[in-house]
Amino acid sequence: MNQNSLLRIRDLSKDELMGILKDAQLFGVSKKDWQLPQKKLIANLFFEPSTRTHFSFASAEHQLGCMVENFSAQGSSVEKGESLYDTVKTFESIGYEAVVIRHPKDEYFTELNDISIPILNAGDGAGNHPTQCLLDLLTIYQEFGTFKDIRMAIIGDISHSRVASSNKEAMEMLGGTCVFSGPKEWQREGYPYMDIDEAIETADVVMMLRIQHERHASMMQMSKEEYLQKFGLTIERAAKMKPHAIIMHPAPVNRNVEIDTSLVEAPNSRIFKQMSNGVLVRKAVVKRAFGAQF
Ligand code: CP
């Protein structure tokens, strides 16, 4: 595996993680249109749907001067039974210098140890979503200037969420805390749970998660209205947040299910800021993948 790959948050040291955030911040403030010293050929391989991750990677790559190709399994030789390994090995063999991969299998990259080009994980099943976590961290850092003693409440479909696990690892590494809330059926063993009202009222960051219908074997028998009242961020709950606390959500948002639609663009919501930060973070990880220096 290439050492400039980014697969999981826990593979990064604290210094490496902070280095990526520092580069992302520089991309945010720099007036200069910084590009990689050499043109690089990169492919975005998405085996699952995506809007934000896919197209913010593509935007980042274009801004860095990469030559970019976008692959979807549909219409490719995956439909003839080609394996993930053979697909990625093919991209390597025909000259691609890095790949971004989203795949439904948890830790799909364990099958790719013999691939030499950098692999940037754009989400693996219910496992990891390192670049989402990094853009969440950048958003928190811009707000509070620190992670120490910042309390993040992650609420909703925790068991299927790669965002929840990646953020828990990162916040613990950086001196913050994560607490969790949501339906009992979707809890994860070993994660600290609390009542939703207490979680929201005591948090600096309230991170709502959507119900990942595509990963559920059976559907929860509850209407959208009932879910919002029991487990969602309602206007009444939002009014009890700490004065400085912010609302986050990795998106896509199911408006009026996990969050009242009027809160998505409320003054204390950073949901669209997270998306803008996604481009900055992905520029930083593409720069790192190619070992480039400012
Ligand atoms: N947050 C996130 O991963 O969104 P997409 O599924 O649209 O990439």
Side-chain angles (χ1 to χ4, degrees), residues 6-9 20-21 24 42-63 68-74 99-109 119-140 142 152-171 178 182 186 205-216 233 246-255 257-259 263-265 269-286:
L6 176 62
L7 306 174
R8 301 176 296 201
I9 287 294
I20 293 171
L21 295 186
I42 189 164
N44 300 317
L45 279 52
F46 279 73
F47 296 80
E48 263 193 352
S50 168
T51 299
R52 272 146 295 275
T53 312
H54 190 160
F55 293 98
S56 60
F57 258 116
S59 172
E61 294 154 359
H62 283 296
Q63 289 181 46
V68 183
E69 289 296 340
N70 295 294
F71 163 95
S72 67
Q74 201 181 17
V99 284
V100 173
I101 303 178
R102 170 172 288 188
H103 196 278
K105 186 171 177 202
D106 286 11
E107 307 223 333
Y108 65 80
F109 40 78
I119 296 170
L120 303 178
N121 181 11
D124 60 277
N128 307 269
H129 197 345
T131 58
Q132 176 69 44
C133 175
L134 289 163
L135 72 88
D136 293 339
L137 294 174
L138 180 61
T139 308
I140 293 168
Q142 286 168 341
M152 183 182 220
I154 305 184
I155 300 167
D157 188 354
I158 308 297
S159 59
H160 299 95
S161 173
R162 50 198 176 204
V163 175
S165 51
S166 295
N167 275 298
K168 181 173 185 290
E169 283 175 19
M171 288 300 276
C178 276
W186 298 341
V205 177
V206 174
M207 165 89 79
M208 304 307 297
L209 300 178
R210 79 181 171 91
I211 306 173
Q212 300 203 27
H213 296 290
E214 69 275 24
R215 299 190 208 284
H216 285 260
L233 187 60
I246 57 170
I247 299 168
M248 292 174 60
H249 191 309
V253 175
N254 293 315
R255 288 176 181 253
V257 182
E258 68 270 7
I259 181 168
L263 298 170
V264 174
E265 292 171 71
S269 167
R270 298 293 177 269
I271 295 173
F272 287 93
K273 182 72 183 164
Q274 287 172 266
M275 295 179 205
S276 316
N277 283 338
V279 178
L280 304 180
V281 155
R282 287 165 183 136
K283 282 172 89 168
V285 302
V286 171

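Read the numbers this way: they start at 1 and go in the same order the structure lists the ligands and their atoms. Since the model is a prediction, treat every value here as computed from it, not as a measurement.
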Heavy atoms under 4.0 Å from ligand 1: which residues qualify? Ser50, Thr51, Arg52, Thr53, Arg102, His129, Gln132, Pro250, Ala251
Check: Asn128 main-chain N/O paired with Ser166 side-chain donor or acceptor under 3.5 Å: no
Measure the shortest side-chain to side-chain distance between Phe57 and Asn70 over non-hydrogen atoms and say whether it is less than 4.5 angstrom. no
Suppose we screen for salt bridge (charged side-chain N to carboxylate O under 4.0 Å, His left out). Which residues come up paired with Lys283, at least two apart in sequence or across chains? none
Mind checking salt bridge (charged side-chain N to carboxylate O under 4.0 Å, His left out) for Lys105 and listing every partner two or more places apart, or none if nothing turns up? Glu111
Are any side-chain N or O atoms of Gln274 and backbone N or O atoms of His249, one a donor and one an acceptor, separated by less than 3.5 Å? yes
What residues, two or more places apart in sequence or in another chain, satisfy ring-ring contact (aromatic ring centres under 6.0 Å, His included) together with Phe47? Phe71, His103
